[in-house]
S.K.: 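Before we start, here is the structure in question, set down as structure tokens.
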Amino acid sequence: MRANPHFQKLPAGYLFPEIGRRVRAYTAAHPDARVIRLGIGDVTEPLAPAIIAAMHAAVDEMAVRESFRGYGPEQGYDFLVEAIREHDYRARGVEVAADEIFVSDGSKCDSGNLQELFAADAVIAVTDPVYPVYVDSNVMAGRTGSPGPDGRYPGLVYLPSTAANGFCPAPPDRGADVVYLCSPNNPTGAVMTRDDLTAWVAWAHQHDALIVFDAAYEAYIQDPTLPRSIFEIAGAREVAVEMRSFSKRAGFTGVRCGFLVVPKELRAVGAGGEPVSLNAMWSRRHTTKFNGASYVVQRGAAAVYTPDGLAQTGAQIAFYMENARILRDGLARAGFTVFGGQHAPYIWLETPPGTTSWQFFDQLLDRAHLVGTPGSGFGPNGEGFFRLSAFNSRDNVEEAVVRLARVFG
Ligand code: MLT
């Protein structure tokens, strides 16, 4: 068979496996180094007791003929969908219908799968730096040329996220078919205000564009006046879909559960110029290619919304945000310019003058035995920056700060 030629345009390895490979090579050569990993944003705290209890009970149900469950509804069980509607949306004054919520095995899959709904030649806009999945999945689908010497893929519209624009680029003068927006942002930790989102919703209406809003980190927003959902913005239901995840909010990176909200007002343009419903298209895709997140996992996710679940997961988020504060303060004391970490579990720092982000990765690993993520791995405009994750034990975060002060302070 002939292979999909577009894969040849991608670098050989996805960013995080590549970092893992380099760290394994380093630790093999330096077996005594006690390496602290602040690279991939992977949670470290065990699942909250309320979630564990719900999952145990669900396993017990599966052990008995009367309560055993086989295939579930592809879109998700009512008990989870109703909890999402109530706590994530109605509590913030947003009405989302049950058949607009599609429970899945996580946002990474949703963000990659969603591009199947776009025309083969759709014009895609991304912020730069950006979560690599948005770019790589569209490269795989053939919506770009091969990357140029600057690492940019012809055919994509890049929106530079810089310190000057607070890492929240404004809408461009031109249109696009789709824009991916992530707030709180991975990797920069920046958060979009109501005004920022309002401007994007107006732009999408003006250009008949779709906003793919990634809210995987919304639970880390500390200021209650900041929007957590794009559907808090008037007019967003006609132009946006929203991704949510239990990974960072409730420690589900290994359990896997998320959901996509696709409003029924959303229309794309069909082959004959007729309006087509994205909700109907996604429903067709989801029910054709996915048999639903597992019952046990969905019971665990629903437990996040119980009083105990909310209190316990809230405490975990507060714990990680205290880690973020310790890292921010420690980095600032060591002389670094730092961004993010106030409404997000990521700290975005400037590398020392004249040091590329991969050079800084090597220095940090070699001299401080710390692992982070080079900014250039998130896009050409991430060069000169570096991401540290706040997901770790308190002891490791405190030790990381001591090492940063020793090596760079
Ligand atoms: C990251 O480190 O950027 C995240 O873990 C990626 C993800 O959520 O897939």
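Atom set for the values below is all heavy atoms of this structure, side chains included, hydrogens, waters and symmetry mates excluded. Counting begins at 1 with the first residue of the sequence. First listed ligand is number 1; within each ligand, the first listed atom is number 1.
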S.K.: Would you say the rings of Phe360 and Phe336 are close, in the sense that their centroids are separated by under 6.0 Å?
M.R.: yes

S.K.: When you measure from the side chain of Asp366 to the backbone of Asp362, do you find a donor-acceptor pair of N or O atoms at a distance under 3.5 Å?
M.R.: no

S.K.: Looking at Arg228 and Ile221, would you say the former's side chain and the latter's main chain have a donor-acceptor pair under 3.5 Å?
M.R.: yes

S.K.: Report yes if some heavy atom in the side chain of Phe167 is under 4.5 Å from a heavy atom in the side chain of Pro129; otherwise report no.
M.R.: no

S.K.: Relative to each other, are the rings of Tyr320 and Tyr220 parallel, tilted or perpendicular (30° and 60° limits)?
M.R.: tilted

S.K.: For ligand 1, which atoms have a heavy atom of Phe16 less than 4.0 angstrom away?
M.R.: 1 (C), 2 (O), 3 (O)

S.K.: Against heavy atoms of Arg387, which atoms of ligand 1 measure under 4.0 Å?
M.R.: 1 (C), 2 (O), 3 (O)

S.K.: Within the 4.0 Å heavy-atom shell around Gly41, which atoms of ligand 1 are there?
M.R.: 1 (C), 2 (O), 5 (O)

S.K.: Would you mind running through ligand 1 and noting each atom that sits below 4.0 Å from a heavy atom of Tyr346?
M.R.: 1 (C), 2 (O), 3 (O), 4 (C)

S.K.: Is Arg37 paired with Asp42 through a side-chain N to carboxylate O contact shorter than 4.0 Å?
M.R.: no

S.K.: In ligand 1, which numbered atoms sit nearer than 4.0 Å to a non-hydrogen atom of Ile40?
M.R.: 2 (O), 5 (O)

S.K.: Which protein heavy atom lies closest to atom 8 (O) of ligand 1, and at what distance to 0.1 Å?
M.R.: Lys248 NZ, 2.9 Å

S.K.: Measure the distances from the heavy atoms of Asp42 to every atom of ligand 1 and state whether one is below 4.0 angstrom.
M.R.: no

S.K.: Is there a side-chain contact between Ile233 and Trp200, using heavy atoms and a 4.5 Å cut-off?
M.R.: no

S.K.: Could you list which atoms of ligand 1 come closer than 4.0 Å to a heavy atom of Asn186?
M.R.: 1 (C), 3 (O)

S.K.: What is the closest protein heavy atom to atom 7 (C) of ligand 1, and at what distance does it sit?
M.R.: Tyr131 OH, 3.3 Å

